[in-house]
Amino acid sequence: MRAGAAVAMTVVTLLTAPGRDPAAEVGARDLDRIIAAQYADLDSLYRDLHAHPELSLHEQETAKRIASELKAAGFAVTSGVGGNGVVAVLRNGEGPTVMWRSDLDALPVKEETGLPYASDVRANDDSGRLVPVMHACGHDVHMTTLVGLARGLKDLRSQWSGTAILIGQPAEERVLGAAAMIKDGLFSRFPRPVAVLGMHVKADLPVGVVGYRAGPAFANVDNVDVRVYGRGGHGSTPHLSVDPIVIGARIVLSLQTIVAREIDPIEPAVITVGSIHGGTKHNIIPDTVDLQLTVRSYTEETRNKLIEGIRRNVLAEAQGGGAPKPPDVTIGESTPATVNDPGLTARTVAALKKALGDDRVVEVPPIMGSEDFTYYGREGIPAFMFNLGTIPNETIEQSRRPGGKPLPSLHSSQYAPAREGSIREGVRAALTAVLANLSAP
Ligand SMILES: [Zn+2]
Ligand SMILES: [Zn+2]
């Protein structure tokens, strides 16, 4: 009896070794089984999506493919929501409604990964220009994960209760798709979720590691257009004209002093002049010069200071150069900062740590990039987007050695996620995150 008890004690100790939760163990076996059963099929879906990218607002074939995959997984699918948006609903009894978002679009980038399934697609952009197209932002990983998630939710439907909504969102890269889907009734024609979740690949995080940030995670972004007016003339007689190119050059430099001298050094802020255009020929002073700026910040106060500073400096330089009329400063497309809901983040991160291990779920710093995922949270629904690492550890380590090859960033022609690990761990993370927010049956 005593000996028997001692044996039983040992077994119990092994099963409940530190960091292992019996409930999570059952979940892990289910996840392993689902991923193993689906992997080959998801892998071929990924290669196919990767080889056939479509530009923002042109995602027709991609949307069709995703809609048919989600339908086959047992979801009720509505297409054409806010353009090429896809909404898939699985009702599974009483309980909360949870939404998961993937994006659909690709970028005008010429792929240089050398992969056997690399894209050689070329397509006309909105201006009619023929451009190369590539999934350089990993949205093909997101879509493959979306399909794996749909099949997993269907498979595990005896283990959860509520409504799952999976969406394929168009035009993320143009910051148009989320707003278009909301405007087309995403939250009124379909059950209104209590949580919106999403995941984005990360190009400097080890494959299978999840990165997250509670609170502000992505920046405010404003696109600003400036037109400077001068008075054109012959290049040999500058005294008879007002040269807007010289004024434009001064503007580029004086804008840099706003961040350096007017913003609290502890406060994140960026002003980048990404484009400057003026003139046609060596010896002609043009009438105008156009500048395009991206302006990034985290708080409304800093954003207002940056924009006010741009208006003031642009006007001052134009006046200083004797411009015949004040410049135009136009604040165009703007994306508000993405703020992850703290409660939703904490609950989801706890589940991810159980499923992936504490050391594979890490906090990441906020970035000055932007995401139109922010619009879902702005509808008053708690939202949380986390990152999925996609790069082999050895590649990251090698890049950190002296003289090592720098890692290609997202949007790079050479960005190539480690396919198998990204798909397997992407599905694991997505299923874990969604299930953590649905009810037990
Ligand atoms: Zn992108
Ligand atoms: Zn992206």
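Remember, it's 1-based here, ligands and their atoms both numbered in the order they're listed. Residues: numbered from 1 along the sequence shown.
- Side-chain atoms of N340 come within 3.5 Å of backbone atoms of M385 as a donor-acceptor pair (strictly under, hydrogens ignored).
- For H200, the nearest N, O or S atom to the Zn ion (ligand 2) falls under 2.8 Å.
- A cation-pi arrangement is absent between R419 and Y46 under the rule of less than 6.0 angstrom and at most 45 degrees off the ring axis.
- For C137 atom SG and H411 atom NE2, the angle they make at the Zn ion (ligand 1) is roughly 100°, to 10 degrees.
- Although no hydrogens or angles enter the test, the distance criterion places a donor-acceptor pair under 3.5 Å between the side chain of E371 and the main chain of F373.
- Residues D32 and R29 are not paired through a salt bridge, judged by the lack of any N-O separation under 4.0 Å between the basic side chain and the carboxylate.
- Taking the Zn ion (ligand 1) as reference, the nearest N/O/S atom within E173 carries the name OE2.
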